[in-house]
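These notes concern the structure reproduced below.
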Amino acid sequence: MLNVHLVPHTHDDVGWLKTVDQYFYGGRNDIQHAGVQYILDSVVGQLLQNPERRFIYVETAFFYRWWKNQPPSMQKAVRQLVDQGRLEFVNGGWCMSDEATTHYSAVIDQMTLGLRFLNDTFGPCGRPRVAWHIDPFGHAREHASMFAQMGYDGFFFGRLDYQDRTNRIRTLEQELLWRASESLEPPYADLFTGILPNGYNPPKGFCWDQSCDDAPIMDDPDLEDYNVDDVVQRFAAAANSQAMAYKTKHIIMTMGSDFQYENANLWYKNLDKLIRYVNTRQANGSQINVLYSTPSCYLQELHRANLTWTLKTDDFFPYADDAHNFWTGYFTSRPALKRYERVSNGRLQTCNQLEVLGGPSSRKGPFGAGDSETLREAMAVAQHHDAVSGTEKQHVANDYARRLANGWQHCQVVVSNSLAALSGSSAGRIYCDNLNVSACPLTEASKKFSVNVYNSLARPVVWPVRLPVNASAYTVLDATGTPVDCQVSVCFRPQLVNYLPTYARYRCLQMCPKGSTLSVCLRYNASDGKSSISDQASGAYIFRPNSSSPFIISCTAETESIQTPELQEVRQQFGPWVSQVIRLHSNSKALEMEWTVGPVPDPPRYHSPALSRLQTLEVTSWSHRKDFRPTWDLRQTEPVAGNYYPINSRAYIKDDKDQLTVVTDRSQGGSSIHDGSLEIMLHRRLLHDDWRGVGEPLNEMSGVFPLGLVVRGRLLLSLTPPALAADAHRPLAQENVLQPLLSFTEGGPPPGSLLEVCALVGFSGLQAALPPAVHLLTLSQWGQDSLLIRLEHQFQTKESKEHSVPFTVNLQVYTQYTHICTWEPLGTHIHTLFPSQSIINLFMVYLIGKDSVRRPTDNSYPMQGS
């Protein structure tokens with residue numbers, strides 16, 4: 001008997017063509033007809049009418065809004081549906097996150113936010129057992145590893161490369177075991193993974209939503225259009241065809257799609273009939289059984305089949321849906337939003353930490369009432385696969401940025417209150433959020449000011465502080481009154497008044513605590529789709545250059561150099577829209593390359609992406625093989641786009657002697673097209689849409705940049721022997737993600753008093769620094785008297801002789817907190833992690849902070865490589 005599991009569902013993007021608010025309320029239906037609140041209203045009503053019906057829901061950001069607006073009677077009814085398994089939550093994060101452009105720490109936070117709400121509201125029955133990523137554009141091994149560590153039983157997705165799917169259909173390998181970590185002992189990061197048969201849509205001809213035009217089941221024999229026999233016959237053919245591509249006598253069909261079930265009666269009335277009429281044929285020998293089901297029920301049946309599944313250990317990247325349609329452009333699309341999201345992540349971690357360290361007064365103190373929740377929710381929304389990915393409409397991207405900015409305003413109050421409590425000073429604080437363009441009104445106008453530097457890493461860091469000033473000489477003192485090495489130099493920043501990429505001269509104050517590569521700026525011209533080979537154009541999703549050879553932006557550059565004992569700096573102007581500053585600090589082992597790109601010129605036919613290519617002399621390999629996929633024989637049709645991969649935080653190329661590692665400040669796309677080179681795409685501007693639903697070209701402009709977006713960023717380069725590379729790039733990447741937070745106060749301290757910053761510099765949230773292998777991933781409030789602490793072993797197995805070894809963490813805390821969490825078995829001896837605080841109860845829980853795994857007896861946790 002072939003069992004067909006029908007899974008009614010809706011896919012509700014947390015922003016895409018419309019903003020989150022517009023999608024929830026059903027606004028701007030002139031753009032897209034979609035209203036999530038009406039979907040949930042309708043589905044719950046239909047579930048209550050028939051106890052056989054089932055429904056799954058994914059996006060907690062929307063469900064949370066809907067739940068808050070329901071009366072107690074409706075909340076009681078929904079709890080019963082959840083307890084009975086008729087309404088099942090899958091995935092359960094605040095959103096369905098992207099897997100190429102998100103940072104793992106932000107994904108963990110957004111999953112925690114959604115799953116905590118479900119757990120607090122519905123208890124164990126509300127806990128999702130299945131991860132569900134039906135729409136992201138490729139899938140990362142790291143995500144599967146996190147899902148396994150979060151306690152999921154399985155993972156289902158819809159998109160994979162068209163050649164990969166064809167091969168897996170032929171070999172019956174669309175269901176597999178994903179071994180997602182080389183460092184964690186199996187089965188700690190093993191996850192059953194299923195590839196859905198129709199993406200996430202119903203089989204052709206069986207869509208009964210109000211947005212579809214498939215014929216309903218007309219079952220009155222007296223009707224001229226009676227079609228039961230035809231529907232049953234077509235469904236049996238579809239089921240049998242699908243079954244030929246899977247191993248067991250159970251198959252899954254997703255009955256729903258984007259923003260469907262606003263009129264759930266249409267769906268359920270026809271599904272009820274479909275189940276009844278197909279199953280009735282069993283009396284006549286039919287071997288098909290149809291039932292309402294959920295992914296967890298389907299997964300349970302696969303488990304009972306007790307089969308051996310194919311093993312996979314690599315990513316599902318890059319993704320292509322046809323020969324010339326590689327979804328590798330979004331790795332870089334909207335680079336400014338990608339950077340702002342990454343900066344906001346660092347700010348959220350700082351806000352979380354200071355909320356803990358400052359105590360209750362951090363949330364309500366001399367600067368008013370603040371909270372971390374607003375930024376936490378904005379960051380969670382930004383992880384959506386049409387948010388930080390850069391694949392949304394422009395007004396939606398603006399809304400994501402506005403939410404992040406609003407969240408930071410709320411967190412600034414928390415930070416100011418906490419610093420006031422820790423320092424004993426309630427002096428007003430200023431946060432210069434435009435330092436990336438060398439703008440800070442206070443430092444430019446004041447002759448004397450104080451700078452507070454908060455390091456959110458659990459170890460000391462050396463970080464040069466660069467500030468825009470107007471005087472030619474400054475004296476810089478640390479908290480003890482000791483002079484700090486500094487220099488004043490002329491710096492450049494875009495002159496935004498006339499909107500031209502000319503440069504004004506400003507002075508920069510730089511406070512500096514004590515191989516051979518060549519960078520070339522290039523551009524690809526984008527395909528406009530007018531080709532005899534393919535009509536696919538480049539767009540927000542798709543990267544398709546019209547030539548495999550990029551154009552050199554300029555063979556020469558206007559160059560200026562500065563050399564002092566603290567700093568060597570070379571400034572290069574390649575043209576009116578591309579410049580670069582290369583810096584090497586005296587105490588740094590990494591070379592800094594600060595790039596400024598834009599506005600990308602506006603040619604008459606096409607726009608293009610700009611990239612930086614790092615050319616080395618001898619390095620000849622990188623972590624991905626060109627024109628190769630580990631699990632099938634690739635037929636390469638796009639030699640550039642088909643070799644681009646997401647660079648989430650770093651990329652490297654190496655040979656036996658040297659490894660060149662590049663650490664990025666945001667997610668970007670990159671490749672090694674030629675031996676000994678590593679190219680990273682910095683900026684994109686397109687005239688054409690790529691026909692993947694957005695309906696507008698990726699052409700970012702605003703009142704500030706009416707001629708096109710100007711973007712600035714930086715790359716950090718490290719050249720080391722391969723055996724020592726991880727010792728350099730692991731901490732370097734963490735420093736880049738969690739950069740120190742600067743806050744400023746007007747003037748200096750009163751004569752004869754202690755410097756205000758002295759108390760802060762003398763204060764540490766840790767009694768002792770963590771060792772290099774252990775990273776404090778999370779320190780945040782978890783209820784009134786509880787903390788959530790995540791410790792991470794940041795070295796993979798065998799990548800560092802010194803640090804790729806197990807450690808033991810010993811937590812000793814001396815205040816009354818009842819819940820402290822670590823997640824991944826790592827370790828080193830840290831005898832007094834937090835000063836003046838004590839542990840009453842200590843629980844080991846899953847990565848997302850739920851469900852006690854075990855309770856240690858000695859406050860120690862063994863930890864292995866990440």
Those residues that, when tested against S780, pass side chain to side chain contact (heavy atoms under 4.5 Å, CB included) (two or more places apart): N352, T778, L788
Results of side-chain hydrogen bond (donor to acceptor under 3.5 Å, both in side chains) for Y340 - residues two or more places apart only: none
Which residues share a side chain to side chain contact (heavy atoms under 4.5 Å, CB included) with A726, sequence neighbours left out: H729, R730, F795, E799
Salt-bridge criterion met for R714 and E594 (N-O under 4.0 Å): no
Residues in salt bridge (charged side-chain N to carboxylate O under 4.0 Å, His left out) contact with E341, at least two apart in sequence or another chain: none
Qualifying residues under ring pair (Phe, Tyr, Trp, His ring centres under 6.0 Å), relative to F367, sequence neighbours excluded: none
Crowding at CD, E373 (>12 non-hydrogen neighbours, <6.0 Å): yes
Pairing residues for P646 by the side chain to side chain contact (heavy atoms under 4.5 Å, CB included) criterion, not counting sequence neighbours: A100, F317, F331
Partner residues of S456 under the side-chain hydrogen bond (donor to acceptor under 3.5 Å, both in side chains) criterion, sequence neighbours left out: none
With R347 via salt bridge (charged side-chain N to carboxylate O under 4.0 Å, His left out) - residues at least two apart: D433
Non-neighbouring partners of N345 that pass side-chain hydrogen bond (donor to acceptor under 3.5 Å, both in side chains), sequence neighbours left out: S105, Q349
Summary of disulfide bond (SG atoms under 2.5 Å apart) pairs that have at least one residue in residues 563-601, sequence neighbours excluded: none
Ion pair R790/D109, N-O distance below 4.0 Å: yes
Residues that D399 engages under salt bridge (charged side-chain N to carboxylate O under 4.0 Å, His left out), provided they are two or more places apart: R402, R403
Test side chain to side chain contact (heavy atoms under 4.5 Å, CB included) applied to I562 - qualifying residues, sequence neighbours left out: Q487, S489, T564, E569, R571
